[in-house]
Structures are given as C-alpha cells and as structure tokens.
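Remember, predicted model here, so these are calculated numbers, not experimental data. To find a chain, count down the sequence lines: A is the first, B the second, and so on, and within it residues start at 1.
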There are 2 protein chains.
Amino acid sequence: MSVQSVDRALDVLEALAEQGGQAGLSEIAARTGLPYGTIHRLLQTLLARGYVRQESDRRYALGGALVRIGGVAERMLAVWAEPYLTRLVELSGETANLAVLEGDFVVYVAQVPSPRRLRMFAEVGRRVLPHSTAVGKALLAGRADAAAVFRRTGLPRRTDRTITVTEEMLAELGRVRARGYALDLGEEESGVHCMAVPVHDGGRTFAALSVSGPAERIDAIDREELAAMLRKVAEDFGTAVFRS
Amino acid sequence: MSVQSVDRALDVLEALAEQGGQAGLSEIAARTGLPYGTIHRLLQTLLARGYVRQESDRRYALGGALVRIGGVAERMLAVWAEPYLTRLVELSGETANLAVLEGDFVVYVAQVPSPRRLRMFAEVGRRVLPHSTAVGKALLAGRADAAAVFRRTGLPRRTDRTITVTEEMLAELGRVRARGYALDLGEEESGVHCMAVPVHDGGRTFAALSVSGPAERIDAIDREELAAMLRKVAEDFGTAVFRS
DNA sequence: ATTACTTTTCCGGAGGGTGGAAATGGTGGA
DNA sequence: TCCACCATTTCCACCCTCCGGAAAAGTAAT
C-alpha cells in the first residue's frame, strides 16, 4: 500500500529530473497527467523544504536539498564499494562497476576506471534495462520475479547479440545461477564484453559487481579465474557492508 | 498550504540521512515523533520507488533513486552558481570556483575565470585531495569526521608549504572555523594562492566558494575585505539554493 | 522455551487531499 | 501602449484516502 500524495510528489520530482532538472508547471502536468492544482500544491510543499526551487521566470527546478541527501546516499554505497572496485581493477586491469536494481532498471552506482588508454566511459548514474547487461542478469538471477520484470520492460534489441526472447532469457538466468557469474558478450554494446557477479548481504542480492572492457581484452582473461576474482571481492564487500 | 504526507515523507528521508543513511523504524520514530504505522506506510511508498532500501536486517537505508536525482540536481548546481561566481570575479578580479566534497575528494563543479591575462587553468571536474586546497579545508572545517578523512587519504606533500601532519591540519581547520575562511598559500601549487568559504544550506555545509590566482595578486587584496566578499556571496548563494 | 523487542498489518473514523474552475499574472504581438 | 493569450496561482466543497492506535507477526537474545 502506497501513499498517493507521496507517490505523486515523487512523480513530480522525477518529471523534473527527466526534463533536465528544470520545467514549467504545465510541462510537469503533461508528463505526469496530474491536474494543475494538485501539482502546484505538491510543488509548494517541495519548495518549502528546498527539494525544489523556483527560478525567476516561475519555472521549477530540482533543489539543493536533493544534492545533500543524494550525496549522503551515494557516499554510502559508493564509498563502501570504492576499495573493492579498486582491488578488482588491480586484479583484472579492467574497469570495475557497482550496480543496483532500482525498480525494473539497473543503475550504475560507482565505477573505478581501468588505467589503460582504451576503457569504458564513466557511466555512474546511468540507467539501463537488465536484460542486455551482465550486471542486470546477475541481479535478476537471484530473484523469483525476473519473468515479471521482463514482462514489464520487454527485451528490446540493443545489438545483434541481444537476447530478445523471454524463454531464452530465463534459460540464460538459469545458467547464471548455475555457474555463479553472468556474461554480456556485446549484448548491450558491440565490442564491449562484461562479467558480473551478485553481491549478497546475508541472503539477498542487493547489488552486482562487474568488470568490463573491450571484447579482445576481456576474452583474453581466463574466464574461471576472472569469475573467482569477482566472487571473492563480492563476498568481501557483501560481508563488509553487512557487518556495519 | 503544504501536503502533510509529503512533508512527513521528507521528514523520514532526512531522519535517515541524519542517522548516516541508515536507521531502524524505531530510530526514525524517535527522531521524527511520528507513529510507527505512519512511518511504516511512508517507508513502503519510498521503498517501492527506490528512494529507500531495506537491508537484510530490516533496517532502512537511503536508496539508489536519490543518487540518480541528486546527481541531476548537482549538475544544476553549476548553472545556479554561475551568476554568483561572476559577481565574485567582478568584485575580486580573480578566478572564482565552486567545489563540493564527493567521497573523500574535492571536486570542482563550476568556475568563472578571471579576465586577467595570467589566470588559473580551467579545472572543472578536477578531483583533488582536500588537505592542500582552500576549498577542501572550508568543506572539512564544518565536519566532525575530518580526521577520518585524512586517515583514509593521507596528507601527501604537493609543495614545500603543504601541511603534512594531521595534528597541524586539524589545528588549521580550527583556525578556519574561528575566522570563517580558509586559505591555501601555495600548498597545492607553488605561486597559487586561494581563499575559500563554506556555503551552507540551513545548517550543513554542502559546497565551498573560492577565489584563486597568482600569489602576488591575491596577497595584494585586503584579506578581511576579500573574506567579507566571499562570505556575502556564499550566503546569498546558499539561501538562493536552499529556499526561494 | 520464554522474554523483550522491533516491525508489520489491520480497520473505522475524519481530517486532509483532490481537482475543476475562476482569478491572477506575465509575455509577446499588433 | 494596449490587448490577447497562455501559464500559474488561488479557491472551495466534496469525499476519498490517509491517519494512528492497537493487536499480530516476526526476530533476537537469554
């Protein structure tokens, strides 16, 4: 059971974020489908708390309070993860990422880039669908409602290697569970390979750790060896988070 | 004028942030004074949207959605700051900067360069350690965990004036608190001096404003006068971001 | 096994939220 | 300068949805 007005306030905030952090009342109305009066009232509430600010041209924008709270949230996971990501980079030589499931999307929370010249672009904060990424598969493999997620999101084709059939995807998740790691062999972006493992904190999967890079370099690493690295680091990270 | 349930949901989020991003239901109840049932219902709403996560021990923590929205808001900081930085440049004739703390690093978020020939190189996006910069000192002076930050980062020498001893650094932060501004007299880069002040949003320091330039020119400005300028602009900026 | 605690669920009453519509304010064109 | 148009803000009566006490369920420690 959700609180309607809170849900709608979040809709308003997200509409603002999707407009690039700035929008007029009517733009928000168009995006959310809520009546003007309602949106205005919600905005006044957020305004009074600093979660939204109003420009001189009466348009609304995301407010400073979000920077502060967002910082606290990000520091929590990202700071805890940093040493582990660094260790992964040292071990593998490739870019290491931490991602969490947020609703039906995968969100990259932290990254430590590879020291090599050719490397992945920083993508912290990026949202992607789970079916075409190793982190997404790792996160969903441990969940019973994976099929429901795919029903909602669909399996849009990203490259010619993307798995677009639900049955195949569920079989893939079975393989992930069986071998303990997930792969993305250019399914999200051609030429980019990636291996991911789930991070548990005492039972539940709450994040996924991955290593990604150019296909040739990733494929050159022994697969079981890389998986062992990832699993070890994921376990250490999981218990570190769990104990504090 | 305000929507009660939204207001309370924000109270819950802020209570979580004040507990360091993690708290049990009853801790939130103690802090907010709201009844258990109400808090639980609000948390369920925030949970469903990813604004809050639930750890395996049933405690609640700030969620990934806040990281994403906070990121959008932070990018907007640069836009908001521009007129204030411009004013600082007009007043002082020197390059003005805005920086925030990200993890244990200082990140330059925005800059308006001095119109003079000799001026600092653009460094938006640059990450530096806090101990050798005025903005870093200004950001850490208001935090109780400054010593912990230095323990993690160390105090690497950047120039022969860099403060490399923790006790001296903590004393320096005391001076910063006492006089209300921080100085960097060639501690990050020889010949470059800098003055910075914290920007508050209703209590907490969330950014630092600075003016920097060649040692001779910065030293030629009356120190108290420059500090007064910075403080005034920082206050205006802080209130503009937080409310309005 | 029992105790002490925290979290979750439940439900009837009523207070607070809703949203249509009117009023106000701002902007660009004539 | 004035007007017309669009966006924002305010208003209010209805009624839906949120409130919160209290009991149940779950968890951890003795």
Side-chain angles (χ1 to χ4, degrees), chain A residues 1-16 18-63 144-145 200-204 206 238-239 241-244, chain B residues 1-16 18-63 243-244:
Chain A
M1 252 329 136
S2 272
V3 179
Q4 187 189 50
S5 46
V6 173
D7 246 332
R8 290 174 163 188
L10 298 180
D11 286 337
V12 168
L13 280 180
E14 288 176 3
L16 265 170
E18 281 164 23
Q19 298 271 346
Q22 216 173 328
L25 189 96
S26 44
E27 291 173 88
I28 300 172
R31 192 173 275 275
T32 59
L34 296 171
Y36 282 51
T38 301
I39 296 172
H40 184 260
R41 187 161 11 84
L42 292 170
L43 281 170
Q44 289 308 311
T45 307
L46 296 168
L47 205 53
R49 297 297 223 92
Y51 285 74
V52 154
R53 68 192 285 260
Q54 193 162 26
E55 311 279 322
S56 50
D57 57 356
R58 303 204 291 172
R59 288 163 64 79
Y60 292 92
L62 296 178
D145 60 344
H200 305 286
D201 71 343
R204 233 188 190 64
F206 80 97
T239 52
V241 169
F242 177 65
R243 282 201 298 104
S244 80
Chain B
M1 255 30 89
S2 270
V3 180
Q4 188 188 53
S5 46
V6 173
D7 248 334
R8 290 174 161 187
L10 297 180
D11 285 338
V12 168
L13 281 179
E14 288 175 4
L16 266 170
E18 281 165 22
Q19 298 269 346
Q22 211 173 322
L25 188 89
S26 44
E27 290 172 89
I28 300 172
R31 192 173 274 274
T32 59
L34 295 171
Y36 283 55
T38 301
I39 295 172
H40 184 260
R41 186 160 12 83
L42 292 171
L43 281 170
Q44 288 308 313
T45 307
L46 295 168
L47 203 54
R49 297 296 223 90
Y51 286 73
V52 155
R53 314 198 342 257
Q54 192 161 25
E55 312 278 325
S56 55
D57 57 356
R58 302 202 294 173
R59 288 162 63 79
Y60 293 92
L62 296 178
R243 52 181 51 134
S244 158

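- Taking OH of Tyr51(B) as the reference point, atom CG of Leu10(A) lies at 5.0 Å (rounded to 0.5 Å).
- With respect to the salt-bridge test (charged N to carboxylate O, under 4.0 angstrom), the residues Arg31(B) and Glu14(B) do not qualify.
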Check nucleotides 22-24 of chain C for protein N or O atoms closer than 3.5 Å to its own N or O atoms and list the pairs.
none

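- The CD1 atom of Ile39(B) lies 5.5 Å from the CG atom of Leu25(B); values are rounded to the nearest 0.5 Å.
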- Query: Can Val52(A) and Val12(A) be said to form a side chain to side chain contact (heavy atoms under 4.5 Å, CB included), step by step?
  - Reply: CA-CA 10 Å; Val52(A) 154; Val12(A) 168; 5.7 Å; no

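- For Ser26(B), whose side chain is taken as the heavy atoms from C-beta onward, the closest listed nucleotide among dT6(C), dT18(C), dT9(D) is dT6(C).
- Between atom CZ of residue Arg8(A) and atom OG of residue Ser2(A) there is a gap of 12.5 Å, rounded to the nearest 0.5 Å.
- Once rounded to the nearest 0.5 Å, the distance linking CG of Asp11(A) with CD of Gln4(A) reads 10.5 Å.
- Looking at heavy-atom distances under 4.0 Å, Arg8(A) makes contact with sugar-phosphate atoms alone, never a base.
- Contacts of residues 27-46 of chain A with DNA chain D (heavy atom under 4.0 Å): Tyr36(A), Gly37(A), His40(A).
- Listed nucleotides: dT7(C), dT9(D), dG17(C). Nearest to the side chain of Ser5(A): dG17(C).
- Atoms CG and NE2, from Leu47(A) and His40(A) in turn, are 8.5 Å apart once rounded to the nearest 0.5 Å.
- Look at Gln54(A) and you'll find a side-chain N or O under 4.0 angstrom from OP1 or OP2 of dT9(D).
- The CZ atom of Arg59(B) sits 13 Å away from the P atom of dA28(D) (whole-angstrom rounding).
- Between Leu42(A) and Val6(B), the closest heavy-atom pair is CD2-CG2, 3.8 Å.
- Using a 4.0 Å cut-off, no side-chain N or O of Gln4(A) falls inside it from OP1 or OP2 of dC15(D).
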